[in-house]
Each structure stands twice: as C-alpha cells, then as structure tokens.
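As structure tokens, the structure follows; a few thoughts come after it.
Because the structure is a prediction, the values reported are computed rather than measured. Chain letters run A, B, ... following the sequence lines, proteins first, then strands; residues in each count from 1.
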Amino acid sequence: MIPLIRGVRDIFPPDSDLWRHIKNEAENLFQDFGFSEILIPIMEKTELFKRSIGEQTDIVEKEMYTFADRDGESATLRPEATASIARAYISHKMYAEDPIRKFYTIGPMFRRERPQKGRYRQFYQIDAEIFGQSSPYADARLIIMLKTLMDRLQIKGTTLHINSLGCFKCRPDFNNSFKNFLIKISDNLCQNCQKRANTNPLRVLDCKNKFCAEVTKNAPKISEFLCQECKEHFETVCETLKDTNIEFQINSRLVRGLDYYTKTAFEIQTDALGAQNAIAGGGRYDGLVKLLGGPDTPAVGFAIGFDRLAEIIASNNINYAQKPEIFIAALGKKCIKEAFLWMSALNTAGIKTETEFSEKSLKSLMRRAGKIGASNVIIIGDQELEKKEALFRDMNTKEQIEIKFDNPVKNIMEILSKKINRKKG
RNA sequence: GUGGGUGUAGCUCAGGUGGUAGAGCUCCAGGUUGUGGCCCUGGUGGCCGAGGGUUCAAGUCCCUUCACUCACCCCA
C-alpha cells in the first residue's frame, strides 16, 4: 500500500456529508449577501505570494510549497486565497467595469507546517473578499456575514476578537515607539521575540510566552497612535457591530500573520480545538491591490478554516448523509431486472432510490433497507410479478399497500406526495 | 525545525514476570415456508507499523527506522 503524504487526508462519508452541508450553508448565505463565486488557480507564480503576504512572514519564509516548473519558472501551491483573488481583480481589470466586487471561494490551501490537531498541510478555506469599498460598513457587513454563518452552523462557544492595525500613515509611528519600548525590555523577552523585535515587532504582541505577555503589558498601544481616519473607521465598525447585536471584544494584542493587513483585523476564536484557537480571521487590506500593480483600491476579507469548522460541528454527531426515499427489494433474477428499470425511472424523476442487484433473502434485503435508512420499501417477488402489483411498505408506520405495475413512477409519486401533505396537515 | 505520547482485526481496545493471538462493534449468513431496526447462533477478517538482534521460543526484551498524534512555533 502506498501511504499518504504527510499532512494530507481523504474526506469521505460521513465527514464528506458534513462538509457538503457546511459548503451549502456558506454558499447560500454568501449569495444572499450578494457575493459571487470566483475560482482561482491552485498554483501561482511564487512572486505573487512573496509580494503580498510579505517576505518576512512565516508563511513565505518556511511554509510554502515552492518548486521549479519544467521551464524553470518558480511556482507555488497557494497558501491562502486573498492574493490570487486580488491578482485576478487586477489582471482582468475588473475595476474598469465595476470597481465594487464581492467574491467568495472555497478550496484547498497548502502550507508545510508540522501537522497537529486542526492543522493540516492541505487544508480548506472558505474565503470572502470585498473590493472597492473603503467604508467601515463594508468591514461590519463582512463580520456580520461571518457571524451569521457561525450561527447557522450552530457553532457555539466562540468569541470575536477585533482590533485596528492602523494604516500606512499612522502605523510607522506606533512601530517606532513600540520598537523603542522593546529595546528597553529586550533582556526580558524570549529568544524568539528578541529576533522579532527587529524583523516584525508587531508579532511580539502575539507571543504566548507568559513572561513576554507580562513585560509588554505596559507597552504602547496601537489604539493610542491611530490617526483620525483610522480611529473613526474603527469606532464605526465597533458601533455597527453593537447596533446589530454582535458580541465582540477589542483585543489590542491581535495581530495577523500576513503583512498586507491595515485598519480592521478580526479573528473568531474557540477553545474547542486545543492549541488551534482561530477558526476564522480577516481584516482590511487597503494597500494590497496597489502593491500588486493595480489601482489604489480598498479591500477587506476573511478566511474560515473549513477543517476546523467541520471538526467542531462533527462533535455534535449529527448525520448529514442522504437517505433514500425508496429501496426496492427484488427477489430473484426476473424481479431484479424489473427493479432495476423502476429504480432508473425513479432516479431520473428525481426520487432517491436504491436496490440490490444480487439475489438475497427478503430478510437480508429488508435489513439492508433499514441500514441505509430508506423511508419506504417496494417489494417485488414472483407473486407481484404475476399479479403486476408491487408491495409498497412505509418503514415507519409499517403500512403496506399495493401499487400497479403500469406507470410505477406516477403511482409512486402520488403516494409520496400524499404522505408529504399528510405530514403538513 | 524541537520535544512528549502512541503504534495488535474495518473501528474501539485486551493481551502480569517471553511459549506461536482475543473481546465488543461493524460486515456476512441463519433463527422453518417472502418482511428491517431489538435479541440469539454461527461465520469472514490480523506476516501484532517495518527492519534487525537476543533466545530452543518474542505482540511481549534490546536496537534502528517509519508512521500517526499532541504540544512548541505559526496560523485558518
């Protein structure tokens, strides 16, 4: 047997049933919010991710699946979706026809980290982005959409953390002040943070080391440095969330791992997945489109960890598998042939129907019908074949009635619709 | 990249001081003539992660290796 590549996995029933449920809920919701689907490549030129995510980030430095294509070009398996969507926005000059665009995409991402709970090398993200709207209402709308999805999927015990990272005008001031602070307390920081103090100071805030958290307690806060524009922006986002009854907490230590974020940053956290506490994260990235060679375009987006969502929902033990409406139990060769024809006709008519192709006892067939959760069983044996009347059994009520062989699809649909009416009535 | 834990049937796991593998669930077939979920009976299924060593004899001891897993790191 050929083993799997580390960090990748197969998703199959019952998990894949749950996955389909999540995907459907997300897509329906996004459509309601006016988002269109965009499909983007699994791989891109390496340069795209280096430029957008940032050379100094962990993702680019050590986690990307980068390889030389046969012509020598450096290609990379996408570690996230935002860069590609921004690239697509620019390369098709979408802004020319309508600068305001709302997209979503669902698919696999690749990062070469050490696998652990809720973390895989091939993992799936549900991603949504808004281009061309600088208003804080765009941020709020996205967060509302995200929260609504969590509610619809019945994800409980989550907290929404939100922060503002400032913009290109005010963040440098904070960075300088923060760096100076770090230099003073440098000796008390962990080794990692001492390094980060130079390369990517904001990340020090994110350190889980207790001592680092302690000594940075009195560090300058980014909120004190925000320019008027950023401040108002953040306040409006927070107010809007309050007005729409969305609970959140302002977390001044929330920093994101990608360089392109500006202003609003947010994360949905859970304690259900061990160390992997983020199930969704996002924020505003007003500089990215320009950085990638497009016009100056504001943008905001988020990504949800699909695998993590699925793992949380799976603990509810709800079965999302499709169950057949009808199972045809056929006894003997002739009846199996008849059953096959009925099944095909019913499938074509849109009724979920199954049958068994091999000759088995009725008991065995009934067991199978019960096992796969069929609501009704149609029995066709030699007696029925002769009378040209099959037996229709309701598996819940155990009622059995006879149905004529002529036009079985029509007869069966009539029975089924009567039942639905009875349930409604 | 660094540490800890674990590797025995499809799944969950038993297998003191070494003597050539078990249970529950699943699956399959029966429990009298053509009817499911419960129950009963029987059956299928494992080179005990892989390689090497010690021994008359190793799932059980030693070494090596691989995989999985959790944590650090980082993020979704």
Practice prompt. Write down the distance separating the P atoms in B:C47 and B:G31, rounded off to the nearest Å.
Written response: 33 Å

Discussion item. In this structure, how many angstroms lie between the P atom of B:C73 and the CZ atom of A:Arg119, rounded?
Written reply: 10 Å

Worksheet item: Rounding to a whole Å, what distance do you find between A:Gln125:CD and B:A76:P?
Response: 7 Å

Worksheet item: With sequence neighbours left out, which residue pairs that include part of residues 138-152 of chain A fulfil the side-chain hydrogen bond (donor to acceptor under 3.5 Å, both in side chains) condition?
Response: A:Asp139-A:His233, A:Asp139-A:Thr264, A:Asp139-A:Arg284

Worksheet item: With sequence neighbours excluded, what pairs up with A:Phe357 under the ring-ring contact (aromatic ring centres under 6.0 Å, His included) test?
Response: A:Phe340

Worksheet entry | Rounded P spacing from B:U44 to B:G10 in Å | 15 Å

Practice prompt. Would you mind reading off the distance between A:Arg114 atom CZ and B:G1 atom C1', rounded to a whole angstrom?
Written response: 8 Å

Practice prompt. Provide the distance between the two C1' atoms, one in B:C13 and one in B:A21, to the nearest whole Å.
Written response: 14 Å

Worksheet item: Can a cation-pi geometry be assigned to A:Arg9 and A:Tyr120, taking NZ or CZ under 6.0 Å from the six-membered ring centre and within 45° of the ring axis?
Response: yes

Practice prompt. Determine which pairs satisfy side-chain hydrogen bond (donor to acceptor under 3.5 Å, both in side chains) with at least one residue from residues 16-27 of chain A, sequence neighbours left out, and list them in order.
Written response: A:Glu27-A:Tyr104

For nucleotides 28-35 of chain B, print each protein N/O atom paired with a nucleotide N/O atom at under 3.5 Å, atom names and distance only.
from	atom 1	to	atom 2	distance (Å)
B:A29	OP1	A:Ser364	OG	3.3
B:G30	O6	A:Arg367	NH2	3.1
B:G31	N7	A:Lys363	NZ	2.7
B:G31	O6	A:Lys363	NZ	3.3
B:G31	O6	A:Arg367	NH2	3.1
B:G34	N7	A:Gln383	NE2	2.7
B:G34	O6	A:Gln383	N	3.2
B:G34	O6	A:Gln383	OE1	2.9
B:G34	O6	A:Gln383	NE2	2.8
B:G34	O6	A:Glu384	OE1	3.4
B:G34	N1	A:Glu384	OE1	2.9
B:G34	N1	A:Glu384	OE2	3.0
B:G34	N2	A:Glu384	OE2	3.2
B:U35	O2	A:Arg393	NH1	3.4
B:U35	O2	A:Gln400	OE1	3.1
B:U35	N3	A:Gln400	OE1	2.8
B:U35	N3	A:Gln400	NE2	3.4
B:U35	O4	A:Gln400	NE2	3.2

Worksheet item: Expressed as a whole number of Å, how far does the P atom of B:G18 sit from that of B:U55?
Response: 16 Å

Discussion item. Quick check on RNA chain B: between A:Glu63 and A:Ile5, whose nearest nucleotide comes earlier from the 5' end?
Written reply: A:Ile5

Practice prompt. Give the nucleotide from the list B:G36, B:C73, B:A76 with an atom nearest to the side chain of A:Lys398.
Written response: B:G36

Discussion item. Between B:C11 and B:U69, how far apart are the two P atoms, rounded to whole Å?
Written reply: 14 Å

Worksheet item: Counting distance only, does the side-chain N/O of A:Asp286 pair as donor-acceptor with the main-chain N or O of A:Ala299 below 3.5 Å?
Response: yes

Discussion item. For B:G1, give the paired nucleotide (Watson-Crick: N1-N3 plus N6-O4 or O6-N4; G-U: N1-O2 and O6-N3; both under 3.5 Å), or none.
Written reply: B:C72

Identify each atom pair where a protein N or O and an N or O of nucleotides 42-47 of chain B are less than 3.5 Å apart, giving names and distance.
none

Practice prompt. Tell whether A:Glu311 reaches the base of B:A76 with its side chain through a donor-acceptor pair below 3.5 angstrom.
Written response: no

Worksheet entry | G-U wobble or Watson-Crick pairing nucleotide for B:C28 (cut-off 3.5 Å, both distances) | B:G42

Worksheet item: Is there a donor-acceptor contact under 3.5 Å linking the side chains of A:Gln249 and A:Thr159?
Response: no

Worksheet item: For A:Ala369, which contact category applies under a 4.0 Å heavy-atom criterion: base, sugar-phosphate, or nothing?
Response: nothing

Discussion item. Output the rounded distance in Å from CZ (A:Arg121) to C1' (B:C68).
Written reply: 13 Å

Item to complete: Please work out if A:Gln276 contacts a base, only the sugar-phosphate, or nothing of the nucleic acid, heavy-atom cut-off 4.0 Å.
Response: base

Fill in: Spacing between A:Phe302 atom CZ and B:A76 atom P, to the nearest angstrom
13 Å

Worksheet item: What's the closest nucleotide to the A:Arg6 side chain, out of B:A76, B:A71, B:U69?
Response: B:U69

Practice prompt. Check each of A:Thr355, A:Ile380, A:Thr353 against A:Trp342 using the side-chain contact (heavy atoms from CB on, under 4.5 Å) test, and report the only one that passes.
Written response: A:Ile380

Worksheet item: What nucleic acid atoms does A:Gly274 come within less than 4.0 Å of, heavy atoms only: base, sugar-phosphate, or nothing?
Response: sugar-phosphate

Practice prompt. Could you check whether A:Phe306 and the base of B:A76 form a stacked pair, meaning centres closer than 5.5 Å and planes differing by less than 30°?
Written response: no

Discussion item. Within the 3.5 Å criterion, strictly below it, is a donor on A:Thr216 or A:Arg253 matched to an acceptor on the partner's side chain?
Written reply: yes

Discussion item. If I take atom CG in residue A:Leu254 and atom C1' in nucleotide B:A76, what distance separates them, rounded to the nearest angstrom?
Written reply: 13 Å

Worksheet item: Please give, in whole Å, the distance from B:C72 C1' to A:Lys117 NZ?
Response: 17 Å

Discussion item. Does the structure show a Watson-Crick or G-U wobble partner for B:U20, both distances under 3.5 Å? Name it, or say none.
Written reply: none

Fill in: B:G45 and B:G24, which share atom name C1', separated by this distance in whole Å
15 Å

Discussion item. Say we look at B:C68 and B:G49: how far apart would their C1' atoms be, to the nearest angstrom?
Written reply: 10 Å

Discussion item. Looking only at side-chain N and O atoms, does A:Glu63 offer a donor or acceptor that is under 3.5 Å from a partner on A:Tyr65?
Written reply: no

Item to complete: Could you check how far NZ of A:Lys323 sits from P of B:G36, rounded to whole Å?
Response: 19 Å

Worksheet item: Considering Watson-Crick and G-U wobble pairs with both distances under 3.5 Å, what does B:U6 pair with?
Response: B:A67

Worksheet item: Using atom P of each nucleotide, how far apart are B:C62 and B:A29 to the nearest Å?
Response: 46 Å

Worksheet item: Checking A:Asn411 side chain against A:Asp406 main chain: does a donor-acceptor pair fall under 3.5 Å?
Response: yes

Fill in: Short side-chain donor-acceptor distance under 3.5 Å, A:Thr66 and A:Thr76
yes

Worksheet item: Who pairs with A:Arg51 by side chain to side chain contact (heavy atoms under 4.5 Å, CB included), at least two apart in sequence or on another chain?
Response: A:Glu47, A:Leu292

Discussion item. Pick the closest RNA chain B nucleotide for A:Arg111 and for A:Asn396 by heavy atoms, then say which residue is nearer the 5' end.
Written reply: A:Asn396

Worksheet item: Does a nitrogen or oxygen in the side chain of A:Gln116 sit under 4.0 Å from OP1 or OP2 of B:A71?
Response: yes

